[in-house]
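Reviewing the structure listed below.
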Amino acid sequence: MSRYEPSQTEPKWQEAWDKAGAFTARRDPARPKYYVLEMFPYPSGRIHMGHVRNYTMGDVVARQKAAAGYSVLHPMGWDAFGMPAENAAMERGGHPKDWTYGNIADMRAQMRPLGLSIDWSREFATCDPEYYGQQQAMFIDMLEAGLVYRKNAVVNWDPVDMTVLANEQVIDGKGWRSGAAVERRELTQWFFKISDYSEDLLNALDTLTDWPEKVRLMQANWIGKSRGLQFAFETVGAPTGFEKLEVYTTRPDTLMGASFAAISADHPLAKALEHDPAVAAFVTECRKGGTSAEEIETAEKIGYDTGIRVKHPLDPSWELPVWIANFILMDYGTGAIFGCPAHDQRDFDFATKYGLPIKAVFVAEGERDAPLAEAFVPMKSERVTYVRGFAGSETQTGEEAIAAAISHAETNGYGKGVTKFRLRDWGISRQRYWGCPIPVVHCPACGVVPESKANLPVTLPDDVTFDVPGNPLDRHPTWRDCTCPKCGAKARRETDTMDTFVDSSWYYARFTAPRATTPTVAEDADYWMNVDQYIGGIEHAILHLLYSRFFARAMQKTGHLPQKAVEPFNALFTQGMVTHEIYLTRDGNGRPVYHLPEDVIRTDAGATLKDGTAVEIIPSAKMSKSKKNVVDPMNIIAQFGADTARWFVMSDSPPERDVEWTASGAEAAFKHLSRVWRIADEVAKSDTPANAAEDTALARATAKAVDEVTKGIEDFAFNKAIAKLYEFTNTVQRSQAGAGAKRDALRVMAQLMQPMTPHLAEEVWAMLGGTGLVTQAPWPKADPALLVEDSVTLPIQINGKRRAEITVPKDMPATEVEKIALADEAVVKFLAGQPVKKIIVVPGRIINVVV
RNA sequence: GCCCGCGUGGUGGAAUGGUAGACACAGGGGACUUAAAAUCCCUAGGCCGGAAGGCCGUGCCGGUUCGAGUCCGGCCGCGGGCACCA
């Protein structure tokens with residue numbers, strides 16, 4: 001007897017699909033289109049299980065939609081610019097370009113055997129000049145449309161390597177290579193004006209009903225619209241030009257609890273005071289460390305009393321000290337605040353540290369004014385009693401008090417209500433080689449001039465070295481030299497390249513016309529946009545998705561996308577990670593030594609190395625090379641075939657949650673697929689005669705499977721769809737139906753399994769005489785008549801606890817059901833004559849008797 | 001520090017506010033086999049009980065409800081993001 005042998009059959013079917021051109025996307029006005037996209041990978045060189053899971057999910061959707069009659073676009077490309085290629089060049093020599101394209105070739109070769117229904121003819125990498133040249137063209141259009149500008153911004157500066165560091169290269173405030181203490185330094189940088197769209201990006205979140213609620217919430221919080229009061233303190237003892245100090249607060253109702261004013265170390269007033277060595281020393285202290293919000297906000301809060309005073313706007317005789325504080329951000333509001341320690345924990349800690357007064361403005365309803373042990377910060381919607389209020393009722397909600405305070409300020413002319421956003425403009429300048437060159441020229445006469453479109457793409461020079469830190473473009477002998485596109489004089493190229501988020505902000509649009517000599521083509525963008533289903537990691541919930549939403553708007557403004565595509569992703573799904581246990585032993589110094597799962601023998605009791613050494617097991621975490629808790633998909637494919645890998649990553653865990661890779665789970669997946677193959681093999685050879693009752697029962701089970709599996713796939717509940725397929729397999733195997741009925745059932749099973757395990761599905765389909773390729777067969781429909789159940793089993797609860805159950809006709813009226821329930825033997829026994837207070841009958845669901 | 005999630009048997013998980021534990025893994029028992037593998041069948045949250053059945057049970061504490069894994073408030077633990085990782 002032959003066996004399920006994926007290594008033989010999988011390549012055969014992949015060839016058959018290629019030959020049939022099954023996955024080539026075609027603009028077909030006669031059919032509805034469906035665009036499914038998974039976030040494209042960074043070409044690290046090896047695919048991992050996370051990729052397998054991500055692309056299998058997309059593939060299930062793409063294959064199911066194709067079967068359901070849609071014209072499907074399912075492309076793949078490479079997010080190919082970025083730091084790892086430069087790091088590799090620094091560590092191992094070679095060129096980022098060779099490294100990157102080599103990795104792409106390797107990864108493509110690893111992805112092909114997965115049998116994904118991808119239109120590979122549309123593949124591109126963002127480091128292709130054909131791609132980034134079009135990006136440069138759009139940059140120029142956006143510059144002309146006023147969406148791009150230059151300003152100063154702070155970067156992480158490594159004073160030893162004399163180079164700019166990424167946040168991840170700053171470890172504990174030190175440069176990762178040099179170990180030098182990192183400083184914050186200002187540079188002139190290029191920015192996209194995403195803030196022009198703050199309001200729109202926020203409001204439009206409401207239209208994204210097929211996005212996860214949590215992603216919309218995270219984006220809304222990131223954009224951070226706030227209504228607050230802006231007003232100017234009158235200063236006492238400040239340098240000329242600083243007679244006023246503008247502050248912004250979202251809690252103007254706490255004005256009477258103010259105990260100090262604080263400004264950012266980067267505030268103009270702080271700069272004006274820097275001639276004082278003590279101030280200069282303090283400001284320098286504040287600029288130590290990296291630029292990340294995490295680092296700034298978790299740093300110890302320190303302050304410096306400038307000696308300057310400000311007059312309280314409600315009582316000019318009341319003066320507050322002005323401090324410089326390291327936790328005030330220049331980027332938000334006006335870079336200056338007033339501190340109200342009683343109602344802000346950060347201010348409370350600061351006031352406690354420096355002995356500043358702490359006075360409550362409001363107290364919980366019914367409480368009295370008393371010294372506070374920590375800041376009192378109730379929700380704004382909660383009613384509180386104002387003991388130091390100045391506007392509105394004595395007892396009101398925070399929201400009411402804020403509104404009253406703003407109108408008080410406006411009426412009395414000391415401030416005005418303003419709306420601010422937390423969202424900052426998008427800094428895209430990177431002082432690095434392996435990125436899209438910013439296509440502008442610095443001319444001594446004309447200033448900053450966009451490169452002429454005729455000269456695009458501005459390509460990266462190949463003759464560069466990475467033996468010295470810093471940007472090779474900056475020290476390239478000839479690349480920087482050019483002529484001004486405006487006046488023809490000698491000029492210099494911009495040496496900054498673009499943030500790689502720019503590359504990934506429009507690749508979805510490029511896939512609609514990947515070879516075009518313009519960024520997009522109207523007819524193609526019109527037909528294929530929007531992405532109907534986008535799939536990727538939750539780690540991209542904010543930045544990538546927000547930048548893409550902005551870029552689509554900017555592309556629309558500059559004529560590269562239709563109006564309907566300003567929200568480019570109709571539906572979003574964020575999948576979980578693939579995790580694995582971590583195995584480690586200790587070296588002579590007690591330092592951990594990690595081991596690959598394939599080098600470890602796992603038993604119920606624990607784990608050992610092959611030589612018997614005991615191994616510590618750490619609970620599952622995201623697969624990572626450094627912890628060696630990785631399973632190479634290539635090994636799994638070699639051992640079990642692609643379908644087993646696909647089936648396993650889709651089963652068990654819900655797709656939005658993490659899935660733990662276990663060897664036993666993979667084996668179980670393989671066993672199940674082997675079982676399906678075996679059943680098909682047996683049924684194909686069987687001549688069991690028809691049996692009316694059994695055949696009908698199997699047809700009903702088949703209809704139910706079609707209904708439930710289809711629902712599972714459509715709802716992104718792949719694990720449930722797979723559970724139903726397990727059930728269906730059990731039913732078919734145990735069924736006493738005739739061979740003809742079983743063949744019908746198994747052909748449908750092949751169709752239902754096709755999105756998940758396409759190779760096995762083709763095999764089963766062919767064995768049972770299916771016509772053509774199952775990949776191209778129309779999706780099965782469940783006969784509604786076979787789905788109808790005529791009776792229903794209802795649990796009976798007494799006081800909320802299940803005590804009995806009854807089976808009644810499906811549409812029996814509630815009053816009738818009630819009678820039967822109360823007459824039930826077990827119910828009577830339980831009630832023991834107690835009077836029934838209330839009886840709740842939820843049709844088709846439950847009966848609850850309250851006594 | 002701030003924003004957002006998640007927490008259910010030995011394990012992965014299922015459950016429109018309505019029978020908690022579907023489906024699967026690991027386990028236990030059995031069939032087949034000279035034996036093993038493979039396969040097939042049965043069993044399976046915990047405690048008590050011979051059984052019928054009962055009590056307890058969805059991280060912890062409290063609340064809303066006829067009814068809470070699900071909704072609300074507070075806590076604990078784990079994870080994601082924090083604007084130059086992609």
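Within every chain, numbering begins at 1; the chains are lettered A, B, ... in the order of the sequence lines, protein sequences first and strands thereafter.
- Base orientation of G9(B): syn, since the glycosidic angle falls within 90° of 0.
- The residue Gly665(A) sits apart from the nucleic acid: no heavy atom pair falls under 4.0 Å.
- At the heavy-atom level, Leu423(A) lies under 4.0 Å from base atoms of the strands shown.
- Considering only side-chain N and O atoms, Arg430(A) lies under 4.0 angstrom from the phosphate OP1 or OP2 of C84(B).
- Residue pairs meeting the side-chain hydrogen bond (donor to acceptor under 3.5 Å, both in side chains) criterion with at least one member in residues 792-804 of chain A, sequence neighbours excluded, are Thr793(A)-Thr807(A), Arg802(A)-Glu805(A).
- Distance from the side chain of Ser664(A) is smallest for A26(B) among the nucleotides G18(B), C3(B), A26(B).
- The distance from atom CZ of Phe192(A) to atom P of A83(B) is 19 Å, rounded to the nearest whole Å.
- Of the charged side-chain nitrogens involved, none lies within less than 4.0 Å of a carboxylate oxygen, so that Arg432(A) and Asp496(A) do not count as a salt-bridged pair.
- Among residues two or more places apart in sequence or in another chain, the ring-ring contact (aromatic ring centres under 6.0 Å, His included) test is passed with Trp157(A) by none.
- Scored by the side chain to side chain donor-acceptor pair (under 3.5 Å) test, Gln575(A) finds no partners at all (sequence neighbours excluded).
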Contact letters for nucleotides 8-14 of chain B, in which S counts primed atoms plus P, OP1 and OP2 and B counts the base, heavy atoms under 4.0 Å: ----BSS

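- Residues Tyr508(A) and Ser548(A) meet the side-chain proximity criterion, which asks for heavy atoms closer than 4.5 Å.
- Taking only side-chain nitrogens and oxygens, Lys711(A) never comes nearer than 4.0 Å to OP1 or OP2 of U16(B).
- Side chains of Met753(A) and Trp647(A) form a contact here, defined as non-hydrogen atoms less than 4.5 Å apart.
- Under the side chain to side chain donor-acceptor pair (under 3.5 Å) criterion, Gln733(A) pairs with Arg675(A), sequence neighbours left out.
- In terms of the salt bridge (charged side-chain N to carboxylate O under 4.0 Å, His left out) criterion, Asp172(A) has no residue partners (sequence neighbours excluded).
- Considering only the side chain of Lys214(A), C4(B) comes nearest among C4(B), A83(B), A86(B).
- In summary, Lys711(A) and Glu714(A) do not engage in a salt bridge, as defined by a charged side-chain N under 4.0 Å from a carboxylate O.
- Annotation: G17(B) and G67(B) have their C1' atoms spaced 8 Å apart (nearest Å).
- Taking atom CD on Gln169(A) and atom P on C85(B), their separation rounds to 8 Å, with Å as the unit.
- Along RNA chain B, the nucleotide nearest to Pro41(A) and the one nearest to Val850(A) differ in position, and the one closer to the 5' end is contacted by Val850(A).
- For Asn730(A), a side-chain nitrogen or oxygen approaches OP1 or OP2 of A24(B) to under 4.0 Å.
- Between Thr500(A) and A86(B) there is a side-chain N or O to OP1 or OP2 distance below 4.0 Å.
- Ion pair Arg430(A)/Asp499(A) flagged as a salt bridge, since at least one NZ, NE, NH1 or NH2 atom sits closer than 4.0 Å to an Asp/Glu carboxylate oxygen.
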Pairs under 3.5 angstrom, nitrogen or oxygen only, protein versus nucleotides 67-72 of chain B, please.
none

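- Taking atom C1' in both G12(B) and U58(B), one finds a spacing of 16 Å when rounded to whole Å.
- Atom NE2 of His544(A) is separated from atom P of C82(B) by 14 Å (rounded to the nearest Å).
- In the set C82(B), A86(B), C84(B), the nucleotide with an atom closest to the side chain of His540(A) is A86(B).
- Nucleotides G53(B) and A20(B) place their P atoms 15 Å apart, quoted to the nearest Å.
- A cation-pi arrangement is absent between Lys420(A) and Tyr332(A), since the terminal nitrogen or guanidinium carbon is not both under 6.0 Å from the aromatic centre and inside a 45° cone about the axis.
- Remark: Phe670(A) pairs with Tyr4(A), Phe640(A) by the ring-ring contact (aromatic ring centres under 6.0 Å, His included) rule, at least two apart or across chains.
- Straight-line distance between the P atoms of C71(B) and C25(B): roughly 31 Å, to the nearest whole Å.
- For Arg150(A) and Trp190(A), the positive end sits near the middle of the six-membered ring, less than 6.0 Å away and at most 45° from its axis.
- Between A14(B) and C23(B), the two P atoms lie 14 Å apart (nearest whole Å).
- The side chain of Phe501(A) approaches A86(B) more closely than any other nucleotide in the set G18(B), G5(B), A86(B).
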Dot-bracket assigned to RNA chain B with the 3.5 Å Watson-Crick/G-U criterion, [ ] for crossing and | for other-strand pairs, is (((((((..(((.....[....))).(((((.......))))).((((....))))..(((((..]....))))))))))))....

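- The gap from the P atom of G21(B) to that of A38(B) amounts to 31 Å, rounded to the nearest Å.
- A salt bridge between Glu300(A) and Lys353(A) is present, with a side-chain N of the basic residue lying under 4.0 Å from a carboxylate O of the acidic one.
- For the pair Glu727(A) CD and A24(B) P, the computed distance is 8 Å after rounding to whole Å.
- A straight line from CD1 of Ile542(A) to P of G5(B) spans 11 Å, rounded to a whole angstrom.
- RNA chain B is contacted by Ser292(A), Ala293(A), Glu294(A), Glu297(A) of residues 289-297 of chain A, taking any non-hydrogen atom closer than 4.0 Å.
- Residue contacts shown for Gly427(A) are limited to sugar-phosphate atoms, with no base heavy atom under 4.0 Å away.
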Check: protein-nucleotides 38-40 of chain B nitrogen or oxygen pairs below 3.5 Å:
unit_1: U39(B); atom_1: O3'; unit_2: Arg678(A); atom_2: NH2; d: 3.3
unit_1: C40(B); atom_1: OP1; unit_2: Gln733(A); atom_2: NE2; d: 3.4

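- At the phosphate of G5(B), neither OP1 nor OP2 sits under 4.0 Å from any side-chain N or O atom of Arg216(A).
- Among the heavy atoms of the strands lying under 4.0 Å from Gln189(A) is at least one base atom, whether or not backbone atoms are also near.
- In this structure, Arg802(A) atom CZ and A15(B) atom P are separated by 20 Å, rounded to whole Å.
- What separates CD of Glu825(A) from P of A52(B) is a distance of 16 Å, to the nearest Å.
- Rounded to whole Å, the separation between the P atoms of U11(B) and C60(B) comes to 15 Å.
- Residues satisfying the side chain to side chain donor-acceptor pair (under 3.5 Å) test with Gln135(A), not counting sequence neighbours, are Asp503(A), Trp506(A).
- Following rounding to the nearest Å, Met498(A) (CE) and A86(B) (C1') show an atom-to-atom distance of 18 Å.
- For an aromatic pair to be called close, the ring centres must be under 6.0 Å apart, and Phe551(A) with Phe192(A) satisfies this.
- The shortest side-chain heavy-atom distance between Ile535(A) and Phe716(A) falls under the 4.5 Å cut-off.
- For Asp349(A) and Arg346(A), the salt-bridge test fails: no basic side-chain N is under 4.0 Å from an acidic carboxylate O.
- When the P atom is used for both G9(B) and G69(B), the distance is 14 Å, rounded to whole Å.
- Picking from C23(B), C84(B), G18(B) the nucleotide with the shortest atom distance to the side chain of Asn167(A) gives C84(B).
- By the 4.5 Å heavy-atom criterion applied to side chains, Trp222(A) and Leu423(A) are counted as neighbours.
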